[in-house]
Peer 1: 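The structure's right below; bear with me while I get my questions together.
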Amino acid sequence: MSDDLKALVLPEEYRAPRAHLFPSPQSLTWFVRKHRAELIDAGALSTIAGKHRLHPEKTDAVLCEVGQQAARKVAA
């Protein structure tokens, strides 16, 4: 089994240590829905057996990029 497959976790497992960023399950659900394309392109989001799975490191990278883009817009 590849390391990427071993790393995949359910959204609630991803959110738990990041509750300071996603205070509710709905906030993570919204982020995934809003940034689905970026997450898929980065290899951060997969759907297996009808359930979303996230690759934590890749999802974190997308989250940081999205945050930086938002900061650029505010600074402009």
Side-chain angles (χ1 to χ4, degrees):
M1 183 181 315
S2 77
D3 288 341
D4 279 349
L5 287 177
K6 290 178 188 176
L8 293 175
V9 298
L10 293 168
E12 55 266 24
E13 294 172 286
Y14 175 78
R15 189 184 78 79
R18 296 163 183 83
H20 62 291
L21 299 171
F22 298 106
S24 70
Q26 295 79 15
S27 62
L28 177 57
T29 300
W30 177 88
F31 178 82
V32 170
R33 186 177 17 195
K34 176 108 171 123
H35 300 287
R36 180 180 313 269
E38 295 104 308
L39 290 164
I40 292 169
D41 290 346
L45 175 65
S46 296
T47 302
I48 300 170
K51 293 188 178 192
H52 287 318
R53 310 279 184 185
L54 296 168
H55 187 288
E57 291 174 3
K58 293 177 181 181
T59 302
D60 287 350
V62 171
L63 179 60
C64 288
E65 180 59 33
V66 166
Q68 289 171 350
Q69 289 173 5
R72 284 186 200 102
K73 289 179 183 178
V74 171

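Computation of the quantities below employed the complete heavy-atom set of this structure, encompassing side-chain atoms and omitting hydrogens, waters and symmetry-equivalent molecules. Just so we're clear, the structure is a prediction, and the values are computed from it rather than from any experiment.
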Peer 1: Checking Val62 against Glu65 for the side chain to side chain contact (heavy atoms under 4.5 Å, CB included) test, could you report, in this order, the C-alpha distance in whole Å, the side-chain angles of both residues, the deciding distance, and whether it holds?
Peer 2: CA-CA 5 Å; Val62 171; Glu65 180 59 33; 5.7 Å; no
Peer 1: For Phe31 and Leu21, run side chain to side chain contact (heavy atoms under 4.5 Å, CB included): C-alpha distance rounded to whole Å, both residues' side-chain angles, the deciding distance at 0.1 Å, then the answer.
Peer 2: CA-CA 11 Å; Phe31 178 82; Leu21 299 171; over 6 Å; no
Peer 1: Kindly compute the distance separating CZ (Arg53) from CG (Asp4), expressed to the nearest 0.5 Å.
Peer 2: 14.5 Å
Peer 1: In terms of hydrophobic clusters joined by side-chain contacts under 4.5 Å, are Leu63 and Leu10 together?
Peer 2: no
Peer 1: Write down the atom of Glu38, the atom of Lys34, and the distance for their closest heavy-atom approach.
Peer 2: OE1-O, 4.2 Å
Peer 1: For a quick test of reading the model, state the closest non-hydrogen atom pair linking Arg18 to Pro56 and the distance between them.
Peer 2: NH2-CB, 3.8 Å
Peer 1: Kindly assign one of parallel, tilted or perpendicular to the pair His35 and Trp30, based on the angle between their ring planes and the thresholds 30° and 60°.
Peer 2: perpendicular
Peer 1: Could you tell me which non-hydrogen atom of Lys58 sits nearest to which non-hydrogen atom of Ala42, and how far apart they are?
Peer 2: CD-O, 3.4 Å
Peer 1: Group every Ile, Leu, Val, Met, Phe, Trp and Tyr by side-chain heavy-atom contacts under 4.5 Å, then state whether Val9 and Leu39 land in the same group.
Peer 2: yes
Peer 1: To check you understand the geometry: which heavy-atom pair defines the closest contact between Arg36 and Leu45, and what is its length?
Peer 2: CG-CD2, 4.0 Å
Peer 1: Kindly indicate, with the supporting measurements, whether the criterion side chain to side chain contact (heavy atoms under 4.5 Å, CB included) is fulfilled by Gln69 and Arg72.
Peer 2: CA-CA 5 Å; Gln69 289 173 5; Arg72 284 186 200 102; 3.7 Å; yes
Peer 1: Just wondering, more than 12 heavy atoms not from Glu13 lying within 6.0 Å of its CD?
Peer 2: yes
Peer 1: If two hydrophobic side chains count as joined below 4.5 Å and joins carry through other members, does Leu8 share a cluster with Ile40?
Peer 2: no
